[in-house]
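Letters go in sequence order (proteins before strands), and every chain restarts at 1.
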Amino acid sequence: MDNNVVVVGYGMVRVGEYWYKDIVSIGVEAAESALEAAGNPDIDAFYVGSALSSALGIQGNVGLHIADEIGLDDFIVETISSGGVSSGLAFINGLHYLASRHGYVLVGGVEKTSDNLPTEVSEAVLVDLDRRVMKYSGLTEAGLAAILARLYMERYGVDRSKITQISVLDHENAVDNPYAMFRKAVTLDMALSSPIVADPLTIFDVSPYGDGAAFLVLTTKDRAIEDGLRYVEVAGYGFARNRVPINYREDILSFRATAKAVGDALGSAGISLDDLDIIELFDSYSISGLLALEGIGVCESGSSANEFSRGMFRRGMRPSINTFGGLKARGYPIGATTAYQISEAVIRLLSDSDDYSTALIHSMTGFDDEALAIILRRGGLNA
Amino acid sequence: MPEITEWRDRLWRYRLVGSKCLSCGARYYPPRNSSCIKCGGELVDVELPRRGKLLSYTVIYQAPGIYRFASPYIVGFIELEDGTRLFAMLTDVELDEVKVGMEVEATFRKLYTYGDSGHIVYGIKFRPLVT
């Protein structure tokens with residue numbers, strides 16, 4: 001990529017359960033704070049990801065309703081519903097818009113999971129996977145993760161306890177994240193002795209759904225410099241799909257869409273894996289994070305669980321993974337998740353105290369069904 | 001009418017029917033609508049072998065509404081004798097008897113009932129191979 005598009009602002013609400021706020025109001029809160037951070041520019045397009053707001057009957061076409069509240073008129077508003085990558089695709093739409101036009105674009109996502117019973121949310125998520133495969137087998141999304149985890153343990157001789165170390169790291173990293181749903185460190189023993197969701201996985205292997213909204217303001221590099229804004233560069237991206245249903249795949253432990261998307265993203269940024277300081281990994285389940293990391297190529301197949309258990313990937317190490325808590329501890333506001341991942345990387349890359357210059361954001365739907373990779377690079381005017 | 005989807009799928013579900021590629025022999029379950037992913041060849045319906053082995057499994061404790069009556073239950077990832085891989089519930093087996101690698105066979109069973117209509121949905125489960 002020609003490094004033309006930059007991020008000049010972000011805004012988030014803490015992921016959680018907002019009994020007293022509706023989906024539009026949390027969307028408005030995050031969108032307004034992103035706009036304020038970017039100096040309240042006039043917006044030319046607005047792309048909003050939301051996986052479930054229509055499916056759960058909460059608020060259809062939610063982007064329109066947020067746009068109206070924040071007083072944005074006469075420009076494109078699009079609501080995108082593509083599971084866990086919804087807000088990531090909103091971000092990509094923003095890049096595409098700015099590839100041919102100038103101006104400012106607002107992108108991100110919003111999700112409200114606490115207005116429905118947890119079982120209703122799980123079943124709405126299940127519908128995104130192959131209806132026939134899941135319904136006639138009694139499999140759940142967590143059950144599918146559990147089947148992957150057991151296969152991984154059997155094939156590579158990995159001890160059960162090592163699968164969950166990634167969740168322990170997530171919790172450690174969320175302690176000082178004001179936007180995280182769970183800001184408590186946990187021990188591996190606590191995680192392993194918690195209630196079973198789908199054997200062998202416990203609630204600590206399953207990322208918690210939560211309400212959330214996160215938005216980013218994008219513009220062109222020239223414009224950011226002209227307007228005196230600090231920015232982070234969008235250096236590259238890639239998108240790929242794997243076979244669905246998952247049992248059609250040659251090997252269900254091979255996250256080849258992730259591999260392809262990350263390879264394309266690195267290629268378009270003109271960098272290699274060794275250049276990455278941060279990886280924001282889509283660990284909707286502990287095993288998903290492990291398999292994704294192996295797909296990315298940071299670890300050999302079957303070795304990522306051991307690497308986490310050796311204490312790798314903590315903050316300050318290269319690469320640092322899920323520096324603000326990942327999906328497990330920051331929370332998993334389904335269609336808004338990628339926008340949180342991007343915002344977290346932007347915070348790190350804008351920080352004067354952090355020594356990070358390049359970040360990979362990895363996001364996906366299901367189990368590598370679709371994979372999105374975005375490379376961000378520390379930009380100018382950071383003084 | 002939600003039952004219409006189950007009714008539409010009944011024949012392949014009852015008979016364990018998948019797709020077979022006439023060019024490269026690849027097999028798919030459930031059956032695919034279009035052509036072979038691997039070679040683009042034409043697909044025809046084929047009854048799949050009813051025996052296989054268990055590659056992996058889970059025990060579901062948090063079940064979807066239609067299966068809540070059965071929880072906890074076991075779902076297996078099974079490779080049939082022709083190499084086709086699928087997910088199916090295991091039956092006629094205790095939780096502590098399930099082992100990766102065990103041989104299993106297909107059996108026709110009730111899956112679930114629709115709440116208001118009482119419509120019963122049947123399909124295939126797998127049980128340990130009786131030798």
Residues from [range] approaching chain A under 4.5 Å (heavy atoms):
range: residues 49-56 of chain B; result: B/Leu55, B/Ser56
range: residues 29-43 of chain B; result: B/Tyr29, B/Pro30, B/Pro31, B/Arg32, B/Ile37, B/Lys38
range: residues 7-18 of chain B; result: B/Asp9, B/Trp12, B/Arg13
range: residues 77-93 of chain B; result: B/Phe77, B/Arg85, B/Leu86, B/Phe87, B/Ala88, B/Met89

So how far is it from [X] [atom1] to [Y] [atom2], rounded to the nearest 0.5 Å?
X: A/Ile203; Y: B/Tyr61; atom1: CD1; atom2: OH; value: 14.5 Å
X: A/Ser137; Y: B/Phe126; atom1: OG; atom2: CZ; value: 11.5 Å
X: B/Tyr122; Y: A/Tyr136; atom1: OH; atom2: OH; value: 15.0 Å

Structural part of [X] lying under 4.5 Å from a heavy atom of chain B:
X: A/Thr140; answer: both
X: A/Glu141; answer: neither
X: A/Leu144; answer: side chain
X: A/Arg155; answer: neither

Check step by step if side chain to side chain contact (heavy atoms under 4.5 Å, CB included) holds for B/Ile66 and A/Lys135.
CA-CA 9 Å; B/Ile66 52 171; A/Lys135 197 167 190 184; 3.8 Å; yes

Chain A contact via [X] - which portion, at a heavy-atom distance below 4.5 Å:
X: B/Ile60; answer: both
X: B/Leu95; answer: neither
X: B/Tyr28; answer: both

Are more than 12 heavy atoms from other residues, nucleotides or ligands located less than 6.0 Å from atom CD of A/Glu300?
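Counting neighbours around CD of A/Glu300, 12 or fewer heavy atoms of other residues, nucleotides or ligands fall under 6.0 Å, so no.
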
A/Glu154 side chain vs B/Val100 backbone, donor-acceptor pair below 3.5 Å:
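Between the backbone of B/Val100 and the side chain of A/Glu154 there is no qualifying donor-acceptor contact (under 3.5 Å).
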
Specify the closest pair of heavy atoms between B/Thr58 and A/Ala146, including all atoms of both residues, with the distance to one decimal.
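Taking every non-hydrogen atom into account, OG1-CB, 3.2 Å.
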
Between A/Gly143, A/Gly138, A/Pro200, who has the most heavy-atom pairs with chain B when the cutoff is under 4.5 Å?
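Top option by heavy-atom pairs under 4.5 Å: A/Gly138.
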
For chain B, which candidate among A/Ile246, A/Ile252, A/Leu148, A/Asp130 shows the most heavy-atom pairs at distances under 4.5 Å?
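Most heavy-atom pairs within the cutoff with chain B belong to A/Ile252.
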
Please step through side chain to side chain contact (heavy atoms under 4.5 Å, CB included) for the pair A/Asp199 and B/Ile74, ending with a clear verdict.
CA-CA 9 Å; A/Asp199 185 68; B/Ile74 307 161; over 6 Å; no

side-chain contact (heavy atoms from CB on, under 4.5 Å) partner of B/Gln62, the single match among A/Thr119, A/Val197, A/Ile196
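So the option named by the test is A/Val197.
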
